[in-house]
There are 2 protein chains.
Amino acid sequence: MAPRTERRADALSKAKIVEAAIAILDADGEAALTFRALAARLSTGAGAIYWHVADKNDLLAAAADDIVAQVMAKIPAEAEPRAAIRAMALNVFEAVDAHPWVGAQFFRDPSRPAALRILEGVGRQLHALGVPEAAQFDTATALVSYILGVAGQNAANARQARESGRTDRSAFLGEIADRWAALDPEQHPFVRRMAAQLRDHGDRAQFLAGVDLILAGAASLIG
Amino acid sequence: MAPRTERRADALSKAKIVEAAIAILDADGEAALTFRALAARLSTGAGAIYWHVADKNDLLAAAADDIVAQVMAKIPAEAEPRAAIRAMALNVFEAVDAHPWVGAQFFRDPSRPAALRILEGVGRQLHALGVPEAAQFDTATALVSYILGVAGQNAANARQARESGRTDRSAFLGEIADRWAALDPEQHPFVRRMAAQLRDHGDRAQFLAGVDLILAGAASLIG
DNA sequence: AATAGATTGGAACATCGTTCCATAAACAGC
DNA sequence: GCTGTTTATGGAACGATGTTCCAATCTATT
């Protein structure tokens, strides 16, 4: 199975392929990851890649799992549960911010090991926090759904910003805010009113406010 | 602009195209929607469709917006705010359950008018509920992110179930639960323990529990 | 050295979104 | 009613992609 000696110094392997895929995804975005581009970067043929990787979904899942695993491992074991959950959430948020393609992968077809990893980390802390056994499942999945939801929306924004050539975040936000402010006051009074807050809101603060909201709700379940 | 007379009885139009696209998406899934299949169903050529629709993203966005608009309009105006939010959330949940491709569209590139519609509905009710002005933005986006997150995860499950040929929900859930139960107790103690609850949990109850959790958190902000 | 199996690289295939263009139908001015 | 222009149609063609196939090469074992 595992070869004892390397074929050559830069032999192909799933790890090497995933590494190259991540480099392409980060540098040029999701659309740039093709088997041809990958083969060129690895100085091989497209067919050779299929010896190590089932298909493109397998490759994307492995790449996303790689990043999420790194990020979830960074939580200090001795952290207080509430702080640990906030840290995990923020880590995922920032990972998706840095690698928007990971956000899309959370909602793609197969087993989604990355999402499982987050559920495990969050659930363990809820247990430590004293959330009743019966409510742990609902609370953990709620937190994970929220985290993935924000991550997915952020990733969609980042992809849109890249395609429209916008590198300046505040300028990009300003454009959306302008669009919100221009909405029909009859049909969208609320969103229209929120345009100002959107313009200069902090991503991370807003995200953590949501986490705290759910944790506050969970606190009401603890006798 | 708008033609006074029809070209012929079954003239092409964006509405007709979107209607046909929804029919294909619902019947055979997201992968089955191609411009060729669409052209065949409409008895025309692929090129003609581009006269009414910018590209495939435009088509998918219009289709998803169509479904979400229908669903958000079904909320009785006189409903109590908390009940209205729960009803909107449940409507979106069930719409994505019935049309899994809508869930994927929430996280695709451009303007995402469907997500805006939900934000507007939720925000208006939070205002009526008495959530402080300063917290309305964070609370509304948290709720929407949660709703979209669950919807996206559900859609991914539904797609996976379709592809694996599983039509029986409880059998499909059982398979995932088996996989959870077989996880390494060292690495995934929490998820492993939740396998039993996953097996016979109610989608909708779990989803609404999350909504209630966020609403409970929001309640703590009301003086 | 010879054989078998593992691995490679690139050509070939089917399919997709999209563009292009040669028409045809509806309308406008006369 | 004729003519030119705009609006709309349908199908052929283009370029790119994921995937499959296969002949050639490398490694380990006999």
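Every chain is numbered from 1, with letters handed out A, B, ... down the list of sequences.
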Among D/dA8, C/dA6, D/dG18, which nucleotide sits nearest the side chain of A/W51? C/dA6
Applying side-chain contact (heavy atoms from CB on, under 4.5 Å) to A/Q125 and A/M88, what does each step give before you reach the verdict? CA-CA 10 Å; A/Q125 298 299 332; A/M88 289 186 306; 4.0 Å; yes
What's the CD-C1' distance between B/E30 and C/dT15, to the nearest Å? 17 Å
Atom pair distance, as rounded to whole Å: CG in A/D55 and P in C/dT15: 18 Å
What's the CG-P distance between B/L38 and D/dG11, to the nearest Å? 14 Å
Between D/dT9 (C1') and B/K16 (NZ): distance, integer Å: 15 Å
Compute the centroid of each ring, for B/Y146 and then for B/F207, and state whether the two points are separated by less than 6.0 Å. yes
Rounding to an integer number of Å, can you tell me how far B/Y50 OH sits from D/dT9 C1'? 15 Å
With nearest nucleotide decided by heavy atoms, which residue, A/A48 or B/I49, maps closer to the 5′ end of DNA chain D? B/I49
Between C/dT18 atom P and B/L60 atom CG, what is the distance in whole Å? 10 Å
What is the distance from CZ of B/F35 to P of D/dT9, rounded to the nearest Å? 15 Å
Does the gap between the ring centers of B/F35 and B/Y50 come in under 6.0 Å? yes
Quick one: which of D/dT19, C/dT8, C/dC16 gets closest to the side chain of A/L12? C/dT8
Is there a side-chain polar atom (N or O) of B/H52 under 4.0 Å from OP1 or OP2 of D/dT7? no
B/N154/B/F93 under side-chain contact (heavy atoms from CB on, under 4.5 Å): CA gap, chis, key distance, verdict: CA-CA 9 Å; B/N154 254 51; B/F93 181 92; 3.4 Å; yes
Distance, rounded to the nearest Å, where A/I17 contributes CD1 and C/dT8 contributes C1': 11 Å
Nucleotide of C/dG17, C/dA12, D/dT20 approaching A/R36 most closely (side-chain heavy atoms): C/dA12
